[in-house]
Amino acid sequence: MRIRGKFTKEGDVKFVGHLDTMRMFQRAVKVAKIPVAYSEGFNPHLKVYFAMPLPVGVESIGEYIEIKTKIDVSPVQVKETLNNILPKGIRLVDCFVVEENAATLMSKVDMALYEIVLNIENPEKIIKVLEQPSIIITKRNKKKKFVEQDIKSFILEYALNQNNEQIILSTKLKAGSKENLSPELLLEAIFGEKLDTITYDIKRIELFAEQDEAFIPLKNVDINTLKTMYCA
Amino acid sequence: MEILKKVDKPARYIGGELNSYNKNLDEISIHFAFAFPDVYEVAMSHLGMHILYQFLNRRQDTFCERVFAPWIDMEEQLRKNKIELFGLESKTPLSKFDFIGFTLQYEMSYTNILNMLELSNIPVFAQDRTNEHPLIIAGGPCVYNPEPLAPFIDFFYIGEGEVLLDEILDLYKQYKNKGKTKEQFLETILSIDGIYVPKYYQVTYNEDGTIKDRINIHEKAKNIINKVVVTDMDELYYPTTQVIPWIQSVFDRVTLEVFRGCLRGCRFCQAGMIYRPVREKSKETLIKYAKELIENTGYEEISLASLSTSDYKELEVFIDKLLEICSENMVNISLPSLRIDKFSLDLMQKIQEVRKSSLTFAPEAGTKRLRDVINKNISEQEILDGCKLAFSGGFNRVKLYFMLGLPTETIEDVYGIANLSEDIARMYYGLDKSERTGSLNLVVSTSCFVPKAFTPFQWEAQDTTEEFIKKHILLKNAIKRKSIKYNHHDAKTSILEAVIARGDRRVANLIYEAHKLGCKFDGWSEHFNAELWQEASRKSNVNFAFYAHRKRDYNENLPWDFINIGVRKQFLIQESKKAQQAVTTPQCRDKCSACGANRFNGGVCYEN
């Protein structure tokens, strides 16, 4: 059975890297005695998967995990037993069964919503850059060479809000294995070298899959409603 | 915490791992910081820390937090932002704790202790601290010569933590509730075995710099401090869980302690003497703990810890049973500290460690004569046979560990290392191709011998840097074969280690000056700064040659003579004399050598 869960990563645990978070979950799943499936082969590993790495230092209320179990289990119980074990700041908020033939969790991700709180007074610079017809950045490609890239089309939506002495930038960015823009790279594109002088906090709010020309939160795709209800 | 955005591996400083504790500070009476003076990944690999963390936190009235040495970048941020070093669990500044307990695992971590105190805004000298400051205490293997840290530590705990920590904490709670002073508490614990309060003693010196006398300046201060050990290993507390580090630690696995002590009696080895007598856990106890540990940690590997796991009495039966549990749970078994014989290799085949294809052995010396001197009773044939078995079992990577500068070592012994390695290589290529896998990869490593307190070699002179370097070059030139790689340990750190390991109270000044000059992480070659230590030596008037390169007389008062580890000095002298004649001593189970460890009324001494 394939069980997907949506989880949070808030507070100090945002400083735990992606691989370390994965290892922690693999141990927690075993401690929780979830009958998790193993891969075949000489070095069997747990069938526990994640949707998309979260950069170190970024919080989230929209992370996804998938656990493949050997036998059918109750997603509600998986959520509860894991929540009793998981470290502070990491909480499963929802668990559901997905179709056996669904594509991998990772391949589902097409877009991410971020909320970026910047300790600056004036949003002018942000608007100026984001309203340009093209936003060119230089980044290293896989061959470690610097290449220029226009990221304008990766920014699907953005909104600005002011709150005391902070500017809140909410933005939907292309995400996943095909086209991806990290929020840090966006900030670099906006502020350049000045970014070092600004303090900010980034939070991922949700991950989305593109279906029938619409973006749908991952918690609403691939669900096997019958099994989710039946096994609860 | 904003500064964590600016440091490498910030997860080192956040705490909150699986199986870690968090307690309400209003509901506890004793706030204890377990301090390991090295970086997170090293500290989290240390079994003693895991045991004592769980042991102390099993008490409702006590909250034990962890604190480790911040890495260089974090220290910079702490200092820049004027943030005090804090406990990982509650982020409380260290200066607000009741106790800070340092574990002394290696001498090269001592400057980190002073640095951690400084980062906590706690005066490093005990005499400068007030009742408002925490009690700074220390335990671990290096407390068997506590003197180089005497001015910095309020009291040392000599022996195994489980024995007396409860009693001490109970006493502390009473003292704290009644509002008594630190002084009154320290006076009270003077009567407890295993507790050494350095400020109640003074040391006088002869003109030649050796120790003349130790005077106790408090009527209750004992002349001899007896180490304390656990006698019933099956009744002993052992944690059924372990904190799972955020970052992959040096040893990323759950550890099961099989026994304490070692039967072998290698003459250079301090652990082999100070942890006597050998005390085993029964296989039933071990199986019980193995099950629970695997369940509670979710680790993929369980490691059996002891000084020489092949010496566990019922190893085969135990491993068979353990294998059943492990294969059910997809867990591997790892067996460090194996002797290299047929029995051990069969065992490794059985637990399928073979696929790691790398094997480590420690012959320690290059010739049989020198191995007899150090009482490492293994012949050349046994080493070759062991390697042969390993090769035909699928290994092609072998690591060999040796020591240079052992007492009575001659040039032949140094060449012996090259010859033995060559013999192994020749034997490998002499095997039929069907019996070996690819080309040989033999790594020969030499460390520099450091004489340690409470060993039969405690009176010996250490080689000088020049002598070590000469031997390094000699070996480098003697090992010609491409399939053999030669590594050696830096001589300068080993000499400093020897100075501190056999240091007296005056060596504290050296450590203090080095700390003031900015020495830290001295065990990390990229941070060790020999010039700064030379400067510290000049400033403190601590002459390295006096401590490292001087041969002592049996009659000399040694700085650690006031500690009783059970093993008598007379036994060490007898062993020292036998070493000079290259005469070996049988291991405890073959024949008791009456070392004195039977005074603890337990373990191998009473097996029959």
Side-chain angles (χ1 to χ4, degrees), chain A residues 9-48 54-59 70 81-91 117 119 184 187 195-202, chain B residues 1-23 40-41 44 74 81 86 88-91 240-249 252-254 291-302 326-332 352 354-357:
Chain A
K9 196 175 169 198
E10 293 175 290
D12 282 346
V13 289
K14 71 179 172 191
F15 292 113
V16 180
H18 176 64
L19 291 175
D20 293 328
T21 309
M22 275 171 60
R23 278 190 313 115
M24 186 281 295
F25 260 110
Q26 286 169 349
R27 305 244 151 92
V29 163
K30 284 168 79 178
V31 176
K33 297 201 173 68
I34 294 166
V36 57
Y38 281 84
S39 68
E40 303 285 315
F42 203 47
N43 242 327
H45 59 265
L46 293 182
K47 293 199 165 178
V48 175
L54 187 68
V56 175
V58 175
E59 287 187 300
K70 289 183 280 198
T81 45
L82 270 176
N83 277 343
N84 281 333
I85 295 165
L86 288 170
K88 200 178 148 209
I90 299 181
R91 279 285 161 276
V117 179
N119 293 304
E184 269 119 345
L187 291 180
L195 189 61
D196 284 343
T197 62
I198 301 169
T199 58
Y200 57 88
D201 290 292
I202 307 174
Chain B
M1 253 193 292
E2 204 56 32
I3 60 168
L4 291 183
K5 289 182 183 165
K6 297 185 178 120
V7 301
D8 189 34
K9 302 189 184 162
R12 283 169 172 165
Y13 311 105
I14 62 171
E17 301 92 329
L18 275 184
N19 298 336
S20 66
Y21 277 86
N22 204 1
K23 298 189 183 183
Y40 181 88
E41 299 91 306
M44 290 300 287
M74 181 63 169
N81 295 285
F86 50 85
L88 286 188
E89 278 73 4
S90 71
K91 316 289 182 293
T240 53
T241 186
Q242 226 170 273
V243 178
I244 297 171
W246 280 125
I247 312 174
Q248 205 145 20
S249 66
D252 202 30
R253 57 200 183 197
V254 66
K291 274 187 193 154
E292 293 189 54
L293 283 168
I294 291 169
E295 275 190 13
N296 294 334
T297 62
Y299 269 113
E300 302 82 40
E301 187 169 312
I302 185 165
C326 288
S327 49
E328 267 169 41
N329 294 285
M330 311 289 267
V331 171
N332 294 319
Q352 295 188 342
V354 211
R355 66 175 169 189
K356 279 180 188 157
S357 82

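Just so you know, these numbers use all the heavy atoms, side chains as well, and skip hydrogens, waters and symmetry mates.
Shown here for B/W246 and A/P87, the closest heavy-atom pair between the two residues is CH2-CG, 3.6 Å. Across A/V16 and B/I14, no two heavy atoms sit closer than the pair CG2-CD1, 3.5 Å. In plain terms, the two heavy atoms of A/R23 and B/Q248 that are nearest each other are NH2-N, 2.9 Å. When all heavy atoms of A/V56 and B/P10 are compared, the pair lying nearest together is CG1-CG, 3.9 Å.
With a threshold of 4.5 angstrom between heavy atoms, A/Y200 approaches chain B through N, CA, C or O but not through any side-chain atom. A/V13 touches chain B through backbone and side chain together, each having a heavy atom under 4.5 Å away. Only the backbone of B/N329 comes within contact range of chain A, with heavy atoms under 4.5 Å apart. For B/Y299, the parts sitting under 4.5 Å from any heavy atom of chain A are the backbone and the side chain alike.
Highest contact tally toward chain B, considering only A/K14, A/Q26, A/M24, is held by A/M24 [criterion: heavy-atom pairs under 4.5 Å]. By number of non-hydrogen pairs under 4.5 angstrom with chain A, the leading residue of B/D252, B/I294, B/I244, B/T241 is B/D252.
Going from atom CG of A/D201 over to atom CD of B/E2 covers 6.0 Å, rounded to the nearest 0.5 Å. A/R27 contributes atom CZ, which lies 13.5 Å from atom CG of B/N296 (distance to the nearest 0.5 angstrom).
Using a 4.5 Å heavy-atom threshold, the side chains of A/T199 and B/K5 count as separate. The shortest distance between side-chain heavy atoms of A/K30 and B/E300 falls below 4.5 Å.
Ion pair B/K9/A/D20 not flagged as a salt bridge, since none of the NZ, NE, NH1 or NH2 atoms sits closer than 4.0 Å to an Asp/Glu carboxylate oxygen.
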